[in-house]
Amino acid sequence: MDDHQDDREYAIAYPRRQAPRALVRGLGRLVLPLAFRIVLEGGKNFPRSGPLLVAGNHSAAMEVVLAVVYTPWQIELLGAADIPHERITQVMASLYGMIPVHRGRFDRAAMVKALDVLRQGGVVAIFPEGGIWEAGRMQAHTGVAWLSYRAGAPVLPIGFGGTTGALGAALRLERPRLTMRVGDVIPAARLPEERPRKEYL
């Protein structure tokens, strides 16, 4: 991280939207336990601060909600900009804010913004599968490794469970169980000698 670098030189300033994000997180911690049974495991693995990449699996929108509400930071989210969202998702995304990503190609503008957040000691959440898919059906992309390598940022893996169909179950007052398992921090990616970067990533 370049402490001497002025915020105006970054593609995106960090932190930002602090008031609305605090509101979203606070409301989430009040409302979610009423609709779901939340199980958080491995909370001791949360680092105190960034730079940090949070990487999670993605089979439903609830993984994003849990990451925003139950991690100890106001994280920057990388989110798909090329798919239509449900109205409630659109409203929450507009209120919280995210870094839009166009999938299917290397979105340099999005990666530069995420990299700048990390260079300011920030926390970026990314879902390497690149979207919502049936569990185990989509191969992860290289964005996490590229950002970790370029920013010297460690990676915190989080496994989410019970999220598929959970929102519908909650609307039926079934109070489904959601799990959030925080893994051990993975050191920042380091390119081995005499190995092509693309292959390594």
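Being a predicted model, the structure only gives us computed values, none of them experimental.
A salt bridge links Glu76 with Arg16: at least one charged nitrogen is closer than 4.0 Å to a carboxylate oxygen.
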Checklist entry - Is there a side-chain contact (heavy atoms from CB on, under 4.5 Å) between Tyr96 and Ile75 once you walk through the steps? => result CA-CA 10 Å; Tyr96 188 86; Ile75 58 178; 3.7 Å; yes

Item to check | Met111/Trp146 under side-chain contact (heavy atoms from CB on, under 4.5 Å): CA gap, chis, key distance, verdict | outcome: CA-CA 9 Å; Met111 291 295 102; Trp146 186 87; 3.6 Å; yes

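The OG1 atom of Thr71 sits 10.0 Å away from the CG atom of Leu66 when rounded to the nearest 0.5 Å. Here the CD1 atom belonging to Ile158 is positioned 11.5 Å from the OG1 atom belonging to Thr179, to the nearest 0.5 angstrom. Rounded to the nearest 0.5 Å, atoms CD1 (Ile12) and NZ (Lys113) are 6.0 Å apart. One finds the CD atom of Gln74 at 6.5 Å from the CZ atom of Arg21 (value rounded to the nearest 0.5 Å). Distance check: Leu78 CG to Ile126 CD1 gives 5.0 Å after rounding to the nearest 0.5 Å.
The shortest non-hydrogen separation linking Tyr70 to Gly28 is OH-O, 4.4 Å. The minimum heavy-atom distance between Val185 and Asn45, with the atom names listed, is CG2-O, 3.8 Å. Taking each heavy atom of Val117 and Val123 in turn, the nearest pair found is CG1-N, 4.1 Å. Counting all heavy atoms, side chain and backbone alike, Gln120 lies closest to Tyr14 at OE1-N, 3.1 Å. Among all heavy-atom pairs drawn from Ala169 and Pro176, the shortest one is CB-CG, 3.9 Å. Looking at every heavy atom in both residues, Leu178 comes nearest to Gly162 through CD2-O, 3.2 Å.
Hydrophobic clustering (ILVMFWY, side-chain heavy atoms < 4.5 Å, transitive): Leu77 and Val112 are in distinct clusters. At a threshold of 4.5 Å between side-chain heavy atoms, the hydrophobic network of Ile, Leu, Val, Met, Phe, Trp and Tyr places Phe160 and Leu32 in one connected group.
Between the side chain of Ser148 and the backbone N or O of Ala189, at least one donor-acceptor pair lies under 3.5 Å. Counting only distance, with no hydrogens or angles, the side chain of Trp73 and the backbone of Gly50 share no donor-acceptor pair below 3.5 Å. Within the 3.5 Å criterion, the main-chain N or O of Tyr10 finds no donor-acceptor partner in the side chain of Asp116. Side-chain atoms of Arg25 come within 3.5 Å of backbone N or O of Val68 as a donor-acceptor pair.
Scored by the side-chain contact (heavy atoms from CB on, under 4.5 Å) test, Pro157 finds Ile186 as partners (sequence neighbours excluded). Listed by chain and residue number, Arg17, Leu95 satisfy the side-chain contact (heavy atoms from CB on, under 4.5 Å) test with Pro20 (two or more places apart in sequence, or in another chain). The side-chain contact (heavy atoms from CB on, under 4.5 Å) test applied to Arg175 returns Arg37, not counting sequence neighbours. For Leu40, the side-chain contact (heavy atoms from CB on, under 4.5 Å) partners are Phe46, Met180, Val182, not counting sequence neighbours.
Sorted by first and then second residue, the side chain to side chain donor-acceptor pair (under 3.5 Å) pairs with a member in residues 151-164 read Ser59-Thr163, Ser59-Thr164, Glu63-Thr163; sequence neighbours excluded.
The hydrophobic cluster containing Leu27 also includes Leu23, under a criterion of side-chain heavy atoms closer than 4.5 Å among ILVMFWY residues, counted directly or through chains of members.
Inter-residue side-chain proximity for Tyr149 and Arg190 is flagged as unmet; no heavy-atom pair is nearer than 4.5 Å.
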